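Have a look at the structure below before the remarks.
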Amino acid sequence: MAEPPVVIWEQEVRSLLHYRDLIPSLEVALGKFSSRDSAEVIQPVRSTIPLQKHSGFMGLMPTYMERDGILTTKFVCFYKRQEGSALPAVQASVVLLDPENGNLKAVMDGEVITATRTAAVSAISAKLLMRPGAEVLAILGTGKQAQSHYTVFTEMFSFKEVRVWSRMREGVERFIQSVGGPVKGCASVEEAVRGADVIVTVTGSTEPVLYSQWITPGAHVAAVGACRPDWRELDDVLMKDAIVYVDSREGAMTESGDIILSGAEVFAELGDVINGSKAAHRERTTVFKSLGMGVEDAVSAQLVFDQWKDKK
């Protein structure tokens, strides 16, 4: 008889999920996904249900990794909130199942998993694509994703300067106080990104906020917001001039307004670069368009569960 499922709450997930373990596991998983071997990863494009009354939608992200024995689904709700709203923009839960019996093994907070694995994959994109000697990091946005990106980027890389921008000055001030490290608050996107080597966009914008004319040639952009086909963060010129990398081609062509509306060509998945089948064009301006994948949640959830078992 199957044991009852465990529930792993936010604080415990946070204490169990560490970048030092997660990043190597995600690199392997991205490579497996891009190999398109169904024995390694089966992951459909995220299905969504509109929540029109609440200006949001729910996404369902199932994944099966046969050789690894991992079966998961994430339920995630996204909302377009008014500026200053106290309501969360994202809520998520991840369920881990036994692939042989089909029983539920664990339910865990998905918001921490989402923020942590998303930032980790952005950091992997920078590791692969940013130019050597990068010194300046710019973060556009000040929410939870901005904080998780700050944490992993400053943990993995040695930037001499970190800049942050938000539409609301109060958001910039809260961010600077919360991260506990040296950060320069900027009054405009242009001020934040001029001369930056790496730019992370984690905004709730539905229209472009980042424009090509402000960006130094050779910069790397990790574009994380704008996860719907009619939402944008980057302008057409930047999308068409840059070498564009994605986590999933299918996901990008279905969900990314930055790619769909600009008509930009996708050069490669990150997994292609990891597998050695596509080049990392560090000398060019590069864009990594992140949409997030179920396989990233699956690997993260399994790590949390394994750590939980070891602890218990």
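Just so you know, these numbers come straight off a predicted model, no measurement behind them. Only this structure's heavy atoms are used, side chains among them; waters, hydrogens and symmetry mates stay out.
No side-chain heavy atom of Phe153 sits less than 4.5 Å from a side-chain heavy atom of Val162. Annotation: side chain of Tyr79 is not in contact with side chain of Val90 (no heavy-atom distance under 4.5 Å). The side-chain heavy atoms of Val164 and Tyr150, taken from C-beta on, include no pair separated by under 4.5 Å.
For an aromatic pair to be called close, the ring centres must be under 6.0 Å apart, and Tyr245 with Phe288 fails this.
Within the structure, the side chain to side chain donor-acceptor pair (under 3.5 Å) test picks out the following pairs touching residues 256-276 (sequence neighbours left out): Ser34-Glu269, Arg36-Glu269, Arg232-Asp258. Within the structure, every pair that satisfies the side chain to side chain donor-acceptor pair (under 3.5 Å) test and touches residues 168-187, not counting sequence neighbours, is listed here: Gln147-Ser178.
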Between side-chain atoms of residues 39-46 and protein atoms elsewhere (two or more places apart, or another chain), which donor-acceptor pairs fall under 3.5 Å?
| residue | atom | partner | partner atom | Å |
| --- | --- | --- | --- | --- |
| Glu40 | OE2 | Arg67 | NH1 | 3.0 |
| Gln43 | OE1 | Gly294 | N | 3.2 |
| Gln43 | OE1 | Val295 | N | 2.8 |
| Arg46 | NE | Glu255 | OE2 | 2.8 |
| Arg46 | NH2 | Glu255 | OE1 | 3.0 |
| Arg46 | NH2 | Glu255 | OE2 | 3.4 |
| Arg46 | NH2 | Leu291 | O | 3.0 |

Donor-acceptor contacts, no H, no angles, side chain residues 118-132, under 3.5 Å, sequence neighbours left out:
| residue | atom | partner | partner atom | Å |
| --- | --- | --- | --- | --- |
| Thr118 | OG1 | Thr114 | O | 2.5 |
| Ser122 | OG | Thr118 | O | 3.2 |
| Ser122 | OG | His149 | NE2 | 2.8 |
| Ser125 | OG | Ser122 | O | 2.6 |
| Ser125 | OG | His220 | NE2 | 2.9 |
| Lys127 | NZ | Glu27 | OE2 | 2.8 |
| Arg131 | NE | Asp197 | OD1 | 3.2 |
| Arg131 | NH1 | Pro217 | O | 2.7 |
| Arg131 | NH2 | Asp197 | OD1 | 2.8 |

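Checking side-chain atoms of Thr116 against main-chain N and O of Ile113 turns up no donor-acceptor pair under 3.5 Å.
For Glu135, the side-chain hydrogen bond (donor to acceptor under 3.5 Å, both in side chains) test picks out Lys160, with sequence neighbours left out. Shown here are the salt bridge (Lys or Arg N to Asp or Glu O under 4.0 Å) partners of Asp68, two or more places apart in sequence or in another chain: Lys32.
Linking ILVMFWY side-chain heavy atoms closer than 4.5 Å, directly or via other members, places Met108 and Val6 in a single hydrophobic cluster.
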